[in-house]
Amino acid sequence: MEWVFDGGRACLDLVNTRRSRHTEGVELLTGPDALAEWLGLAGFTAGAVTAGNVLAAKALREAIDRVLLTRLPRWKDVDLVNTTAAAAPAAPPRLAFDGGGLRREVPTPPDPVAAAFAALAADAIDLAPSGAAVRICAADDCGLRFSDASPRRNRQWCSMARCGNRAKARAHYARLRSDTP
């Protein structure tokens, strides 16, 4: 599976686990193994992932998408994001001795999957009122969501290396064809 982390925020990377929304859509969270892989690559401790966790991840993903892209989101979506964020508060970091010195240690939560979902929901809560624009990639064949924190809020592509480069190449070749007699 090819995971893309171009959203600029963890909550948007979760939203981007459903691709090609402009067409019929492609689901990447196809089961517990796929969700566990995504959580691990996104920097979360996955633990044991169940089919119920996959359904919860998809529900949270769609609620986050609607909350961040809709001017007046539905209360049901806001409530799901809030409830998920509060469900598994993060364990506070603590100091531990490490060979005569101190190091920062974060205990493993009792339910790592719920803790990951709580962190993703909290990220969406931080992003929603932040002023950073959440955009949809301008490429006709993409549709990924990303956070536009550019100074002018005029970023168009989820990734210049992928979609931006393809768009520039298409424009370049179109100019070449129009200049050919």
Side-chain angles (χ1 to χ4, degrees), residues 1-21 25-70 73-99 101-137 143-149 158-159:
M1 180 100 36
E2 181 186 336
W3 301 105
V4 175
F5 295 92
D6 285 334
R9 299 290 292 253
C11 63
L12 292 173
D13 291 333
L14 174 65
V15 170
N16 289 335
T17 61
R18 179 146 189 249
R19 303 278 170 76
S20 302
R21 289 175 182 262
V26 175
E27 179 60 63
L28 299 182
L29 297 180
T30 55
D33 291 341
L35 177 58
E37 180 182 359
W38 184 86
L39 287 169
L41 292 172
F44 296 102
T45 303
V49 177
T50 66
N53 293 138
V54 175
L55 293 174
K58 290 176 184 179
L60 178 62
R61 172 189 68 195
E62 298 308 316
I64 289 172
D65 189 42
R66 289 187 295 264
V67 164
L68 295 177
L69 287 178
T70 307
R74 300 181 314 197
W75 172 249
K76 179 173 89 169
D77 293 328
V78 172
D79 186 50
L80 177 61
V81 171
N82 287 337
T83 302
T84 303
R94 60 182 178 206
L95 291 174
F97 287 103
D98 183 19
L102 290 174
R103 67 178 165 80
R104 182 180 190 270
E105 181 179 87
V106 179
T108 302
D111 184 350
V113 176
F117 292 169
L120 291 162
D123 186 44
I125 291 169
D126 289 342
L127 179 59
S130 72
V134 174
R135 300 217 187 282
I136 300 172
C137 184
L144 292 180
R145 276 69 167 145
F146 64 91
S147 175
D148 180 6
C158 65
S159 166

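Quick note: residue numbers are just sequence positions, from 1. Quick note: numbers below take in every heavy atom, side chains included, and nothing from hydrogens, waters or symmetry partners.
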### Main-chain N/O of Lys76 paired with Asp79 side-chain donor or acceptor, under 3.5 Å
no
### Summary
Rounded to the nearest 0.5 Å, the CG atom of Leu14 sits from the NZ atom of Lys58 at a distance of 11.5 Å
### Task
Could you tell me the separation between the CD1 atom of Ile64 and the CD atom of Glu62, rounded to the nearest 0.5 Å?
10.0 Å
### Query
So, Asp77 side chain and Val67 main chain: donor-acceptor pair closer than 3.5 Å or not?
no
### Task
Side-chain contact test, heavy atoms from C-beta onward, threshold under 4.5 Å: evaluate it for Arg61 versus Asn16 and give yes or no.
no
### Inter-residue atom distance Leu127.CG - Leu68.CG, 0.5 Å rounding
5.0 Å
Would you tabulate the side-chain donor-acceptor contacts of residues 114-124 under 3.5 Å, counting partners in other chains and residues two or more places apart, or write 'none'?
| from | atom 1 | to | atom 2 | distance (Å) |
| --- | --- | --- | --- | --- |
| Asp123 | OD1 | Arg9 | NE | 2.9 |
| Asp123 | OD1 | Arg9 | NH2 | 2.7 |
| Asp123 | OD2 | Ala10 | N | 3.2 |
| Asp123 | OD2 | Cys11 | N | 2.9 |

### Query
Any idea how Trp38 and Phe5 line up, ring-wise: parallel (<30°), tilted (30 to 60°), or perpendicular (>60°)?
parallel
### Query
How close do Asp126 and Pro129 get, heavy atom to heavy atom, and via which atoms?
O-CD, 3.7 Å
#### Entry: Glu37 vs Trp3 side-chain heavy atoms within contact, under 4.5 Å
yes
## Note on the structure
salt bridge (Lys or Arg N to Asp or Glu O under 4.0 Å) filter on Arg104, not counting sequence neighbours, yields none
### Message
Please report the interatomic distance OG1(Thr17) to CG(Leu12), rounded to the nearest 0.5 Å.
### Response
11.0 Å
### Query
Hey, are the side chains of Leu28 and Arg19 touching, using non-hydrogen atoms and a 4.5 Å cut-off?
yes
### Task
Write down the atom of Leu29, the atom of Val54, and the distance for their closest heavy-atom approach.
O-CG1, 3.7 Å
#### Entry: Sub-4.5 Å side-chain heavy-atom contact between Thr45 and Val113
no
## Note on the structure
Nearest heavy-atom contact between Asp13 and Gly8 is OD1-N, 4.2 Å
### Query
Looking only at heavy atoms, what is the nearest atom pair of Asp148 and Arg135, with distance?
OD2-NE, 3.0 Å
### Query
Looking only at atom types and distance, does a side-chain atom of Arg18 sit under 3.5 Å from a main-chain N or O of Val15, one as donor and one as acceptor?
no
### Query
Side chains of Pro107 and Arg94: does their closest heavy-atom pair fall under 4.5 Å?
yes
### Query
Heavy atoms, side chains only, cut-off 4.5 Å: are Pro32 and Thr50 in contact?
no
### Heavy-atom check, side chain of Arg145 versus side chain of Leu69, under 4.5 Å
yes
